[in-house]
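Structure first, then comments.
Here is how names work: the chains are called A, B, and so on, in the same order as the sequence lines, proteins then strands, and each is numbered from 1. Only heavy atoms go into these numbers, but all of them, side chains included; no hydrogens, no water, no symmetry mates.
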Amino acid sequence: MADTRNAGRPLSPHLQVYEKSLTMTLSIVHRITGVALYAGTLLLVWWLTAAAISEPYFDMVQSVFGSWPGKLVLFGFTWALIHHTLGGIRHLVWDTGRGFDLRHVEMGARLTLAGSIILTAVVWAIALGVS
Amino acid sequence: MLKKTPLGQVLGLGSAKAGTEHWWHQRVTAIAGIPLVIFLVIYLLVHRGASRAEITESMHNPIVAILMGLTIANLAWHMRLGLQVVIEDYVHTYQTKYALLLLNTFFAVVMAVAALYAILKMSIGL
């Protein structure tokens with residue numbers, strides 16, 4: 001816990017002193033999508049176990065996911081999954097010691113964001129179009 | 001002069017009581033996750049709006065059942081590691097932190113076991 005005995009002591013500057021950047025936003029978005037996917041796992045496992053339980057129960061679950069709110073959640077799940085995967089690949093590239101210069105960091109951020117939006121659109125175009 | 005026991009020296013863990021396993025497992029599951037996520041997205045696209053019979057039928061294919069099992073198991077381990085870091089970063093009250101870390105582990109294990117049970121049941125047709 002923070003020591004509050006000398007609350008007036010000088011503190012080192014934190015996030016608010018920096019100008020906002022795309023790389024900064026993607027950093028926290030990687031964590032947020034990770035946590036969202038953690039919760040989303042419950043949906044995937046619910047769907048799988050429903051298929052193993054019974055026909056009426058599975059049909060109920062399918063109709064929940066097939067409804068508009070359900071589709072909206074699945075759309076968000078798709079984007080989070082793709083974005084977190086692309087962001088993860090970006091991290092794996094950094095793990096090899098490459099791509100730390102500003103130009104590549106910025107380029108990686110743009111590619112990750114654009115890639116996740118395009119791939120999500122492609123997946124949903126297939127999902128909605130051909131059905 | 002090293003003030004370490006021989007065992008402590010060999011394990012090389014220091015006061016943090018953990019080495020690089022966490023970091024390494026996060027990477028191993030991240031790399032494994034790339035093809036598994038591609039499999040999952042394709043599987044879900046192919047089986048969108050499928051009936052229960054069609055899902056069960058798909059699980060009769062051992063490759064599909066094994067890939068789905070691997071996907072969920074890998075995901076469970078990866079997300080447990082990830083949320084652990086989030087909890088350690090933001091929760092600094094001793095009791096709450098350890099309660100959440102326990103719940104995190106329980107949740108990941110329950111998700112993995114439930115999914116593996118469902119896959120096995122459909123695949124072998126118990």
(request) For residues Met79(B) and Thr41(A), determine if any side-chain heavy atom of one lies less than 4.5 Å from a side-chain heavy atom of the other. (result) yes

(message) For Ile38(B), which atoms come within 4.5 Å of any heavy atom of chain A: side chain, backbone, both, or neither?
(response) neither

(message) For Ser51(B), is there any backbone N or O sitting under 3.5 Å from a side-chain donor or acceptor partner on Gln62(A)?
(response) no

(message) If I take atom OG1 from residue Thr49(A) and atom NZ from residue Lys121(B), how far apart are they, to the nearest 0.5 angstrom?
(response) 10.5 Å

(request) Between chain A and each of Ile34(B), Asn104(B), Ile119(B), count heavy-atom pairs under 4.5 Å; write down the option with the most. (result) Asn104(B)

(message) Could you see if Ile28(A) belongs to whatever hydrophobic cluster contains Val86(B)? Use Ile, Leu, Val, Met, Phe, Trp, Tyr and a side-chain cutoff under 4.5 Å.
(response) yes

(request) Group every Ile, Leu, Val, Met, Phe, Trp and Tyr by side-chain heavy-atom contacts under 4.5 Å, then state whether Val28(B) and Leu92(A) land in the same group. (result) no

(request) Answer yes or no: does atom CZ of Phe100(A) have more than 12 heavy-atom neighbours from other residues, nucleotides or ligands under 6.0 Å? (result) yes

(message) Heavy-atom pairs under 4.5 Å with chain B - which of Thr85(A), Ile89(A), Val35(A), Ile53(A) has more of them than the others?
(response) Ile53(A)

(request) Please round to the nearest 0.5 Å and tell me the distance separating atom CZ of Phe58(A) and atom OG1 of Thr56(B). (result) 8.0 Å

(message) Let me check something: do Leu72(A) and Phe77(A) share a hydrophobic cluster, defined by ILVMFWY side-chain heavy atoms less than 4.5 Å apart, either directly or through other members?
(response) no

(request) Give a yes or no on whether Ile63(B) atom CD1 has more than 12 heavy-atom contacts from other residues, nucleotides or ligands under 6.0 Å away. (result) no

(request) Run the numbers on Leu75(B) and Tyr38(A) for side chain to side chain contact (heavy atoms under 4.5 Å, CB included), then give the verdict. (result) CA-CA 9 Å; Leu75(B) 183 73; Tyr38(A) 184 98; over 6 Å; no

(request) Report yes or no: do Leu36(B) and Leu44(B) belong to one cluster of Ile/Leu/Val/Met/Phe/Trp/Tyr joined by side chain heavy-atom distances under 4.5 Å? (result) yes

(request) Go through the atoms of Ile42(B) and report whether side chain, backbone, both or neither lie under 4.5 Å from a heavy atom of chain A. (result) neither

(request) Sort out for me which of Ala30(B), Ala118(B), Gly49(B) touches chain A most, counting heavy-atom pairs under 4.5 Å. (result) Ala118(B)

Name the atoms and distances for all side-chain donor-acceptor pairs under 3.5 Å in residues 119-128 of chain A, with sequence neighbours left out.
| unit_1 | atom_1 | unit_2 | atom_2 | d |
| --- | --- | --- | --- | --- |
| Thr120(A) | OG1 | Ser116(A) | O | 2.5 |
| Trp124(A) | NE1 | Thr78(A) | OG1 | 2.9 |

(request) May I ask you to name which of Gly66(A), Gly88(A), Ser54(A), Gly34(A) has the most heavy-atom pairs under 4.5 Å with chain B? (result) Ser54(A)

(request) Run the salt-bridge test on Asp59(A) and Arg52(B) with the 4.0 Å N-O cut-off and return the result as yes or no. (result) no

(request) Would you indicate whether Leu102(A), at its atom CG, is surrounded by more than 12 heavy atoms from other residues, nucleotides or ligands within a distance under 6.0 Å? (result) no

(message) If the contact rule is any heavy atom under 4.5 Å from chain A, which residues of residues 107-115 of chain B qualify, in numerical order?
(response) Phe107(B), Met111(B), Ala114(B), Ala115(B)

(request) State whether the number of non-hydrogen atoms from other residues, nucleotides or ligands found under 6.0 Å of Tyr43(B) atom OH is greater than 12. (result) yes

(message) Is Val41(B) in contact with chain A via its backbone, its side chain, both, or neither, using a 4.5 Å heavy-atom distance?
(response) side chain

(request) Could you have a look at Leu48(A), Leu44(A), Leu37(A) and say which one has the most heavy-atom pairs with chain B under 4.5 angstrom? (result) Leu48(A)

(request) Return the option, out of Ile72(B), Leu40(B), Leu45(B), with the maximum number of heavy-atom pairs under 4.5 Å with chain A. (result) Leu45(B)

(request) Flag the one option from Leu83(B), Val85(B), Val46(B) with the top tally of heavy-atom pairs under 4.5 Å to chain A. (result) Leu83(B)

(message) If hydrophobic clusters are built from ILVMFWY residues whose side chains come within less than 4.5 Å, do Trp46(A) and Tyr117(B) share one?
(response) no

(request) Can you see which heavy atom on His47(B) is nearest to which on Trp47(A), and at what distance? (result) O-CZ2, 4.5 Å

(request) Flag the pair Val37(B) / His84(A) as yes when at least one side-chain heavy-atom distance between them is below 4.5 Å, and no otherwise. (result) no

